[in-house]
Amino acid sequence: MTMPPPGLPHLPPQPPPKAPRPPFGSQISIDAKGNLSVGALWQKWTRHVSQCTVQTLDQTGRRVTVTRALTIGLFALGAKKKTGHVTVIVATQAGETKVHKVPANFAEQTLTWAVAFNLWHQAVYGF
């Protein structure tokens with residue numbers, strides 16, 4: 001064990017930072033024990049975060065609906081409806097995968113979370 005340089009206090013080891021929280025409503029969660037769960041009820045898939053990496057496929061689009069065009073007229077071009085979904089692929093080191101589709105209205109938050117999760121995972125676990 002190495003000692004700190006003179007004049008610097010010895011600090012105890014710090015626990016690793018917590019994983020970023022998935023967006024609410026995406027049916028992806030991380031519990032207090034560090035388990036990443038995907039899906040709901042009987043279709044729930046759970047693995048520890050140390051084993052998981054996350055990939056995403058953005059399959060969202062925007063369109064103007066007839067109802068919006070009739071309701072708000074020309075402004076409907078600025079209030080386009082989000083369509084499609086984001087596919088989240090969670091893979092483990094053992095080769096297991098779980099494919100989960102998240103609705104388009106959670107797309108931006110889900111894509112941001114996936115990037116943050118992978119950066120956190122790399123910083124904490126080193127791979």
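Only this structure's heavy atoms are used, side chains among them; waters, hydrogens and symmetry mates stay out.
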*What do the steps show when you test Val90 against Thr97 for side-chain contact (heavy atoms from CB on, under 4.5 Å), and what is the final call?*
CA-CA 6 Å; Val90 181; Thr97 59; over 6 Å; no
*What pair of heavy atoms forms the shortest contact from Arg47 to Glu96, and how long is it?*
NH2-OE2, 2.6 Å
_CA sep, side-chain torsions, deciding dist, call: Val88, Val38, side-chain contact (heavy atoms from CB on, under 4.5 Å)_ = CA-CA 9 Å; Val88 177; Val38 179; over 6 Å; no
_As an exercise, state the distance from NZ of Lys98 to OG1 of Thr92, rounded to the nearest 0.5 Å._
13.0 Å
*Nearest-0.5 Å distance, NE2 of residue His85 to NZ of residue Lys101*: 4.0 Å
[X]-[Y] co-clustered via ILVMFWY side chain contacts under 4.5 Å:
| X | Y | result |
| --- | --- | --- |
| Phe117 | Tyr125 | yes |
| Val115 | Leu57 | no |
| Leu119 | Ile89 | no |
| Ile28 | Trp45 | yes |

*Test side-chain contact (heavy atoms from CB on, under 4.5 Å) applied to Asn35 and Ile30, step by step*: CA-CA 5 Å; Asn35 294 317; Ile30 299 175; over 6 Å; no
Check: [X] side chain, [Y] main-chain N or O, donor-acceptor pair, under 3.5 Å:
| X | Y | answer |
| --- | --- | --- |
| Asp58 | Leu111 | no |
| His121 | Ser50 | yes |
| His100 | Ser26 | yes |
| Trp113 | Pro20 | yes |
| Trp120 | Pro17 | yes |

*Would you tell me whether Thr46 and Ser37 have side-chain atoms, one donor and one acceptor, within less than 3.5 Å of each other?*
yes
